[in-house]
Amino acid sequence: MTEKSGIKILFIINTRSGNSTVDWPQLITDYFASSNHTIELFQLPQHYNEQTIMNKIVLCKPKYVIAVGGDGTVKLVAACLVQKNIALGILPAGSANGLAKELGISVVPEEALAVITKGFSKKIHVTNINDEICIHLSDIGFNALVMEMFELQDSRGMWGYLKASINVLWKNSQMKVEMLIDDKAIKISAAMIVIANGTKYGTGAVINPVGKLDDDMFEVIAIKKISLSEIFKMTFSHAPYDLNKTQVFQTHSLYIRSVKKVHFQVDGEYRGKVNEVKATLIKDALQIIIPSAAE
């Protein structure tokens with residue numbers, strides 16, 4: 001990888017992401033001190049939303065916008081860049097960094113910073129799920145409820161996810177849903193249904209081994225039953241799921257109707273309970289900076 005010529009880079013920094021002790025503003029400033037790039041740092045205020053970030057992007061007019069935080073921060077910044085000629089970069093600084101893991105971006109700060117200056121920009125697809133941009137993974141059922149529990153508890157990281165998962169295991173019931181996949185109706189009972197553009201969760205668990213961020217499909221994974229062994233796979237071993245308990249569909253569009261309201265999350269952000277989920281693929285929607293041209 002070679003250094004790019006001088007460009008303007010805006011860093012959107014969520015200082016409340018994760019439990020890291022890294023001083024990101026100082027680290028970024030030091031890293032670019034002798035660079036020919038122009039950088040601007042924007043630390044998110046206590047109360048912010050997508051419009052807060054959009055206003056800063058319009059004012060700054062950068063070539064790259066770098067999300068410094070976890071999956072929630074990345075998703076919020078990405079939503080501002082869809083269909084724009086501005087590339088998204090990631091400095092993983094959150095409790096969950098699923099998209100960074102997906103793209104092979106290191107959690108070592110200096111290595112992640114090197115990707116920004118020496119990496120490659122490529123276009124990826126995203127999904128529109130209930131009128132919300134999803135870059136990576138969304139689901140209903142078991143994992144969405146885990147996300148709600150995870151956000152409420154003090155424990156973070158892998159052990160926090162495991163603790164929340166075990167608590168949810170005894171509370172989560174089967175969902176009875178009807179899915180319309182490319183106009184084909186399918187009735188199913190499942191513990192969890194994943195809408196997957198990416199392949200793995202922030203824990204490293206591979207939920208969608210056939211997925212690609214730039215192919216012309218997204219996957220729908222119906223996991224019929226969750227057990228302690230499946231939780232262990234999701235959290236630690238990352239071994240393949242039991243195919244007898246899993247069905248995988250590929251599609252351009254999806255409609256899910258649940259008999260009862262079910263827990264729902266998008267890119268690691270809990271969104272409450274819903275009866276319906278609608279998803280469509282948006283092709284070549286986002287430019288993203290990756291470590292290698294072969295990614």
Side-chain angles (χ1 to χ4, degrees), residues 71 75 78-79 82-83 98-99 102 123-148 168 172-202 205-227 230 233-234 240-286:
D71 284 335
K75 179 229 172 51
V82 168
Q83 309 289 15
L99 186 57
E102 184 87 33
K123 286 187 177 181
I124 64 169
H125 307 326
V126 301
T127 46
N128 181 318
I129 302 179
N130 284 12
D131 296 322
E132 180 176 352
I133 294 299
C134 175
I135 315 172
H136 196 219
L137 297 168
S138 174
D139 53 57
I140 59 173
F142 176 81
N143 186 65
L145 181 53
V146 171
M147 289 293 98
E148 183 190 27
V168 168
N172 196 55
S173 58
Q174 293 289 105
M175 304 176 293
K176 295 185 182 299
V177 305
E178 182 171 346
M179 300 191 294
L180 196 62
I181 296 179
D182 284 339
D183 299 324
K184 180 181 178 181
I186 299 168
K187 290 185 177 181
I188 197 166
S189 178
M192 170 176 163
I193 296 176
V194 185
I195 303 166
N197 192 33
T199 65
K200 65 184 71 171
Y201 284 111
V206 177
I207 190 71
N208 179 25
V210 301
K212 291 183 179 180
L213 291 168
D214 58 351
D215 64 4
D216 290 337
M217 298 276 193
F218 63 88
E219 284 71 41
V220 182
I221 299 99
I223 298 176
K224 299 174 186 177
K225 185 178 179 181
I226 298 286
S227 63
E230 297 300 320
K233 289 175 188 177
M234 291 174 73
Y241 284 80
D242 185 345
L243 294 179
N244 293 321
K245 300 176 183 176
T246 307
Q247 280 185 275
V248 180
F249 309 90
Q250 289 187 306
T251 183
H252 305 89
S253 64
L254 168 73
Y255 173 76
I256 300 176
R257 172 72 183 178
S258 175
V259 174
K260 296 181 179 179
K261 283 195 171 185
V262 292
H263 295 276
F264 173 53
Q265 71 89 17
V266 181
D267 283 334
E269 299 292 310
Y270 182 70
R271 293 295 187 238
K273 298 179 82 172
V274 298
N275 279 112
E276 297 180 320
V277 175
K278 299 177 183 178
T280 54
L281 187 72
I282 308 174
K283 293 185 178 181
D284 296 328
L286 184 66

If we ignore hydrogens and angles and just use 3.5 Å, is the side chain of [X] paired with the main-chain N or O of [Y] as donor and acceptor?
X: Asp267; Y: Ile135; result: yes
X: Glu178; Y: Ala185; result: no
X: Asp284; Y: Lys123; result: no
X: Ser258; Y: Asn275; result: no
X: Gln265; Y: Leu145; result: no

What heavy-atom pair brings [X] and [Y] nearest, and what distance separates the two atoms?
X: Ile282; Y: Gln83; answer: CG2-NE2, 3.6 Å
X: Ala222; Y: Ile188; answer: CB-CD1, 3.5 Å
X: Ile140; Y: Phe264; answer: CG2-CD1, 3.8 Å
X: Ser138; Y: Ile129; answer: CB-CD1, 3.5 Å
X: Ile133; Y: Val266; answer: O-CG1, 4.1 Å
X: Ala196; Y: Leu137; answer: CB-CD2, 3.3 Å

How many angstroms lie between atom [atom1] of [X] and atom [atom2] of [Y], to the nearest 0.5 angstrom?
X: Asp216; Y: His125; atom1: CG; atom2: NE2; value: 4.5 Å
X: Phe249; Y: Lys184; atom1: CZ; atom2: NZ; value: 7.5 Å
X: Glu219; Y: Asn197; atom1: CD; atom2: CG; value: 8.0 Å
X: His136; Y: Ile195; atom1: NE2; atom2: CD1; value: 14.0 Å
X: Leu180; Y: Leu254; atom1: CG; atom2: CG; value: 8.0 Å
X: Lys212; Y: Met217; atom1: NZ; atom2: CE; value: 13.0 Å

Begin from the C-alpha positions of Asp182 and Thr251 and carry the test side-chain hydrogen bond (donor to acceptor under 3.5 Å, both in side chains) through to its verdict. CA-CA 6 Å; Asp182 284 339; Thr251 183; 3.0 Å; yes

Please list all pairs meeting salt bridge (Lys or Arg N to Asp or Glu O under 4.0 Å) that have one or both residues in residues 255-265, counting only residues at least two apart or in different chains. Arg257-Glu276

Considering only residues two or more places apart or on different chains, which pairs with a residue in residues 130-139 satisfy salt bridge (Lys or Arg N to Asp or Glu O under 4.0 Å)?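 Found Lys75-Glu132, Glu132-Arg271.
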
Could you walk me through whether Ile186 and Gln247 pass the side chain to side chain contact (heavy atoms under 4.5 Å, CB included) check? CA-CA 12 Å; Ile186 299 168; Gln247 280 185 275; 6.0 Å; no

